[in-house]
Amino acid sequence: MSGSKNKDGAYRERKRIERHRYYSRTANKYPPHLWTDEEEKMVMEHTVPDSELSDKLGRSVKSIQEKRRRIRRYAEAGKPLHQKPRTTQQLDEKFYEAAKLWKEGKIPALEGARRCGMPNSSFRSRANRLYAEKEKPE
């Protein structure tokens with residue numbers, strides 16, 4: 001019985017070494033970049049071996065396998081793979097007036113945020129960015 005454990009352990013160790021060697025051929029070979037819909041489609045079709053797909057897509061074998069696993073996991077859960085981009089509130093004249101008054105010290109930031117209908121932290125952040133970039137109101 002103990003002999004089979006040693007054989008099994010040796011097999012697993014050899015398998016781990018081979019897998020590491022296989023992945024290391026393409027690991028850190030390609031710079032990171034976003035996945036395109038076409039690339040995701042090719043990964044899921046799985047018509048060519050991952051090593052060939054790696055050369056074709058300019059990605060590591062491990063990243064291809066990980067992407068395939070992630071796509072399947074999201075599909076099973078019924079979640080969208082990509083999140084919608086965040087939208088930012090358009091700045092109107094009220095914001096520019098309130099930001100100017102706040103920067104001049106005539107009103108507190110909380111009052112300026114209330115006038116614009118924005119959270120206090122968002123108001124201060126956007127107003128600071130507005131004046132830091134010298135994107136002054138007209």
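Side chains are part of it too, since the values below use all heavy atoms of this structure and drop only hydrogens, waters and symmetry mates.
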Problem set entry | Verdict with supporting geometry, E18 and K15, salt bridge (charged side-chain N to carboxylate O under 4.0 Å, His left out) | CA-CA 5 Å; E18 289 298 322; K15 188 175 176 181; over 6 Å; no
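- Evaluation of the salt bridge (charged side-chain N to carboxylate O under 4.0 Å, His left out) rule for R72 yields no partner, not counting sequence neighbours.
- Between I107 and A98, the shortest heavy-atom contact is CD1-O, 3.8 Å.
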Atom pairs and distances, donor-acceptor, side-chain atoms in residues 33-43, under 3.5 Å, two or more places apart:
residue	atom	partner	partner atom	Å
H33	ND1	P31	O	2.9
H33	NE2	R59	NH2	3.3
T36	OG1	E39	N	3.2
E39	OE1	T36	N	3.1
E39	OE1	R59	NE	3.4
E39	OE1	R59	NH2	3.0
E40	OE1	H82	NE2	3.3
E40	OE2	K67	NZ	3.3
E40	OE2	H82	NE2	3.1

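- A distance of 10.0 Å separates OG in S63 from CZ in R68, rounded to the nearest 0.5 Å.
- Note on L57: it clusters hydrophobically with V48, by side-chain heavy-atom contacts below 4.5 Å among ILVMFWY residues.
- Under the rule for a side-chain contact (heavy atoms from CB on, under 4.5 Å), the partners of E66 that lie at least two apart in sequence or sit in another chain are R69, R70.
- Between R126 and M118, the shortest heavy-atom contact is CG-CE, 4.0 Å.
- F95 and A127 make their closest contact through CZ-N, 3.7 Å (heavy atoms, listed as atom of the first residue, atom of the second, distance).
- The salt bridge (charged side-chain N to carboxylate O under 4.0 Å, His left out) check on R19 picks up nothing, with sequence neighbours excluded.
- No option in I64, T47, V61 other than I64 meets the side chain to side chain contact (heavy atoms under 4.5 Å, CB included) test with L53.
- Here the SG-CG distance, from C116 to D92, works out to 6.5 Å after rounding to the nearest 0.5 Å.
- Evaluation of the salt bridge (charged side-chain N to carboxylate O under 4.0 Å, His left out) rule for E76 yields no partner, not counting sequence neighbours.
- Remark: E111 engages R114 in a salt bridge, criterion side-chain N to carboxylate O under 4.0 Å.
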Problem set entry | Full working for salt bridge (charged side-chain N to carboxylate O under 4.0 Å, His left out) between E13 and R16 | CA-CA 5 Å; E13 180 62 20; R16 185 189 67 77; 2.6 Å; yes
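- Partners of R124 by salt bridge (charged side-chain N to carboxylate O under 4.0 Å, His left out), not counting sequence neighbours: none found.
- Interatomic distance, K62 NZ to S54 OG, rounded to the nearest 0.5 Å: 13.5 Å.
- Taking hydrophobic clusters as Ile, Leu, Val, Met, Phe, Trp and Tyr residues chained together by side-chain heavy-atom distances below 4.5 Å, Y74 shares a cluster with I71.
- When all heavy atoms are compared, the tightest approach of L130 to A99 is CD2-CB, 4.4 Å.
- The structure places OH of Y96 at 15.0 Å from CG of L101, a figure rounded to the nearest 0.5 Å.
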